[in-house]
Amino acid sequence: MKHLRFIFAVLLFPVLLFSSAALLQEATLQKGELHLIFNQAYNKSNIRHFVLKKPYREVFDLRKVRLSGKKVGHSLSSKHCRSIRISQYKKSTVRIVIETGKHYICTPYQPLFSFSSYNIPLPKFKVSGKSKHQNQNNIKKKIAQYIKDTSSKVTSIYRHPPESFSRKPVRKVSNRVHHKELIVIDAGHGGHDTGAIAGGKREKDLVLQIAKRVERQLKKKGYRVYMTRHTDRFLKLPQRTKIADRKGAKVFVSIHANSVPKKKRNKVQGVETFFLQTTRDAKSQRIAARENKAVLKGAGNRLSKKVIVDSVLNGPKIVQSNKLAIDVQRRIITNLRMHYSGVRDGGVRYAPFWVLVGASRPSILVEVGYISHPRERKRLFSPKYQELIAKGIAEGINNYLNNRRKEIDFD
């Protein structure tokens, strides 16, 4: 009987050892290797290791793992690679990306009798600081070129409207396709942060009204919707995209209204849709600065610029965010112009909005109009106008996701 108990204990030990989710507590560089330390025994069979090219990257997905804190592996730097990035890729998956620029034989291993650690060797060759800088510049150039190309296409589309601008209804897809897809809708500002105020009207009230209408429109199409706020409450800007990441949303849409000083109030109006990117455009910088005010609190442009640049360089969803912005802007303008004259199209733009920083999914910010413009303000607070905007946002999201389903990397 004692022998049977011993055998049972031996068989059960590995199951107990690797059953629960582990925490990644440390990630350090030692003797040309990346050393990972967990809070408990971790089964290396849970690690998915693969390679990405152009640029060359070794990628490790650590399943059933969470980061113990934001600073784990935060500032790793080595002469043997261009970058080492560690992030909470999914709710229970930590992703490690080692970018080297060229191929090397990577043979990770778990030290003997050390179930709570895992070592990843770095290449023997060195990567110069110049190549790191060149890599970042290349990424910036590609982003800039993509934006330039897209902007010209968007301008052409607005000047020569295709069928999607006609009065024909948007092509419907079965609601059963959508029921597993979650959309996060963020009504900007809230609580003590009123946003823009003009003519006795407050931005925080307007955007919440429109956000609720967007929620209803999306639910009609079969989507699941999560609202960052349903009531007049304040959320810090970084919290909002974190909600989208935590919930596993397909897209994140933040809704705001614009404003200008009194001397320009009768001149500036229109709908604009933004995605995250640095910009030299004075108007976009001004809009971003106003929306960022609640979070920066005097931190200064240097901090803002650094965080935005880092986010852009590490954000794989910038291209998809641009596509989402185009679809949403197109549908809003189409719907409004069917019923109202003089609706100005501000186009798809890019700016350093803090609310979009750190999002690991396609994310946009919609400025539904200028609350400072007398005529536009009156329209913005009418139920019909709000419904047309909400319908446009929902249709744009729907069009974007329908197109994404045709692409290989859609998940």
Side-chain angles (χ1 to χ4, degrees), residues 1-129 131-132 135 245-246 248 310 314 316 360 411:
M1 191 68 175
K2 287 182 180 179
H3 292 297
L4 287 173
R5 285 178 183 173
F6 176 75
I7 292 169
F8 180 73
V10 169
L11 292 173
L12 186 62
F13 179 71
V15 177
L16 295 173
L17 201 62
F18 303 119
S19 59
S20 59
L23 289 177
L24 179 58
Q25 291 187 315
E26 290 182 36
T28 58
L29 295 176
Q30 298 178 32
K31 297 179 181 179
E33 294 182 336
L34 175 62
H35 287 195
L36 307 176
I37 306 296
F38 303 92
N39 70 324
Q40 63 183 42
Y42 180 66
N43 191 343
K44 66 178 182 180
S45 65
N46 285 325
I47 298 175
R48 179 178 172 237
H49 175 204
F50 57 98
V51 169
L52 295 175
K53 298 179 180 179
K54 295 182 181 180
Y56 185 88
R57 288 152 288 169
E58 295 280 344
V59 183
F60 297 83
D61 279 348
L62 281 57
R63 291 173 283 199
K64 298 183 180 179
V65 177
R66 286 176 173 272
L67 293 175
S68 64
K70 294 180 181 178
K71 293 186 178 181
V72 176
H74 180 64
S75 56
L76 294 173
S77 179
S78 169
K79 293 180 181 179
H80 297 276
C81 52
R82 289 177 175 175
S83 67
I84 301 172
R85 302 190 293 273
I86 300 178
S87 63
Q88 192 70 52
Y89 175 60
K90 292 182 179 178
K91 189 175 181 180
S92 58
T93 301
V94 168
R95 171 164 286 186
I96 298 173
V97 180
I98 300 173
E99 185 176 333
T100 60
K102 57 182 179 178
H103 173 75
Y104 79 102
I105 298 172
C106 184
T107 52
Y109 64 96
Q110 201 158 37
L112 195 62
F113 304 119
S114 181
F115 296 108
S116 61
S117 63
Y118 189 73
N119 297 347
I120 303 173
L122 300 180
K124 300 292 184 184
F125 56 80
K126 291 184 179 181
V127 177
S128 68
S131 64
K132 286 184 186 178
N135 183 50
D245 289 351
R246 192 170 65 246
D310 288 347
N314 295 314
S360 62
D411 53 19

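When all heavy atoms of Ser117 and Ile37 are compared, the pair lying nearest together is CB-CD1, 3.8 Å. Summarising the geometry of Ile120 relative to Cys106, their closest heavy-atom pair is CG2-SG, 3.8 Å, with the distance given to 0.1 Å. Annotation for Ser87 and Leu67: closest pair C-CD1, 4.0 Å, computed over non-hydrogen atoms. Smallest separation of non-hydrogen atoms from Asn43 and Ser45: OD1-OG, 2.8 Å. The shortest non-hydrogen separation linking Gln110 to Tyr42 is NE2-O, 2.9 Å.
Thr93 meets the side-chain hydrogen bond (donor to acceptor under 3.5 Å, both in side chains) test with no other residue; sequence neighbours excluded. Taking the side-chain hydrogen bond (donor to acceptor under 3.5 Å, both in side chains) definition, one finds that Arg95 meets it with Asp61, sequence neighbours left out. Scored by the side-chain hydrogen bond (donor to acceptor under 3.5 Å, both in side chains) test, Glu33 finds His35, Tyr109 as partners (sequence neighbours excluded). Under the side-chain contact (heavy atoms from CB on, under 4.5 Å) criterion, Leu29 pairs with Leu34, Leu76, Ser78, Ile84, Leu122, not counting sequence neighbours. In this structure Thr107 satisfies the side-chain hydrogen bond (donor to acceptor under 3.5 Å, both in side chains) test with no other residue, sequence neighbours excluded.
Tyr118 does not carry Lys44 over the face of its six-membered ring by the limits of under 6.0 Å from the centre and within 45° of the normal.
Applying the ring-ring contact (aromatic ring centres under 6.0 Å, His included) definition to pairs two or more places apart or across chains, those involving residues 58-85 are His49-Phe60.
Glu26 and Thr28 share no side-chain donor-acceptor pair at under 3.5 Å.
Rounding to the nearest 0.5 Å places OH of Tyr56 at 12.0 Å from NZ of Lys102. Atoms OG and CZ, on Ser92 and Arg66 in that order, are 7.0 Å from each other to the nearest 0.5 Å. Atoms OH and SG, from Tyr104 and Cys81 in turn, are 7.5 Å apart once rounded to the nearest 0.5 Å. The CZ atom of Arg63 sits 9.5 Å away from the NZ atom of Lys90 when rounded to the nearest 0.5 Å.
Two residues are said to be in side-chain contact when any heavy atoms from C-beta on lie closer than 4.5 Å; Pro55 and Arg82 meet this criterion. Taking the side chain as every heavy atom from C-beta outward, Ile96 and Leu36 approach each other to under 4.5 Å.
Considering Leu23, Val94, Ile47 as possible partners of Val65, the one that fulfils the side chain to side chain contact (heavy atoms under 4.5 Å, CB included) test is Val94.
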